Amino acid sequence: MDDQQLDDLKQFIEATVSQTEARLEQRIDDLSKDMHSGFSGVGEAIEQIHTEAATHERRLTNLEKTA
């Protein structure tokens with residue numbers, strides 16, 4: 001292999017690694033967004049359950065007062 005071929009090979013390897021890094025960074029960003037959305041959904045569900053539990057508790061309290 002001569003110097004030109006070695007330089008070409010180095011450039012090819014560098015470009016391949018660079019492209020792979022870019023794809024991996026994009027996938028990590030996408031996963032981070034998905035995780036954030038998932039955790040937001042969990043928080044909303046917990047808040048809804050808490051609200052419903054408070055409503056049921058008030059209704060039970062009102063029933064106890066009338067009984």
Side-chain angles (χ1 to χ4, degrees):
M1 235 185 221
D2 63 12
D3 288 342
Q4 181 61 41
Q5 289 173 324
L6 283 174
D7 286 341
D8 290 346
L9 181 58
K10 287 178 186 177
Q11 287 179 353
F12 171 76
I13 291 170
E14 186 177 307
T16 302
V17 169
S18 178
Q19 290 170 357
T20 302
E21 283 181 332
R23 284 194 307 267
L24 288 174
E25 287 176 3
Q26 183 60 48
R27 289 173 121 181
I28 289 169
D29 287 345
D30 292 345
L31 286 173
S32 295
K33 291 174 189 172
D34 289 346
M35 284 178 43
H36 179 70
S37 295
F39 288 133
S40 294
V42 169
E44 290 171 6
I46 290 172
E47 186 176 328
Q48 181 179 358
I49 290 168
H50 177 65
T51 301
E52 289 175 9
T55 300
H56 289 298
E57 186 175 333
R58 281 193 301 274
R59 290 175 66 194
L60 287 173
T61 302
N62 289 338
L63 286 173
E64 289 172 348
K65 287 179 184 177
T66 60

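On a predicted model such as this, the values are computed, not experimentally measured, just so you know.
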Report task. Answer with yes or no whether the side chains of Q48 and E52 bring together a donor and an acceptor at under 3.5 Å. Result -> yes
Query raised in the report: Counting only heavy atoms not in E57, do more than 12 sit closer than 6.0 Å to its CD atom?
Result: no
Query raised in the report: More than 12 foreign heavy atoms under 6.0 Å from CG of D3: is that the case here?
Result: no
Query - For the student: nearest non-hydrogen atoms of Q5 and M1, plus distance - result: OE1-CA, 3.2 Å
**Report entry** From NE2 (H36) to OG (S32), nearest 0.5 Å
**Finding:**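 If I round to the nearest 0.5 Å, the distance is 10.5 Å.
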Query raised in the report: Which value, rounded to the nearest 0.5 Å, describes the distance between H50 atom NE2 and T55 atom OG1?
Result: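 Rounded to the nearest 0.5 Å, the NE2-OG1 separation comes out at 9.5 Å.
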N/O donor to acceptor pairs below 3.5 angstrom from side-chain atoms of residues 10-27, sequence neighbours left out:
unit_1	atom_1	unit_2	atom_2	d
T16	OG1	F12	O	2.8
T20	OG1	T16	O	2.8
Q26	NE2	D30	OD1	2.9

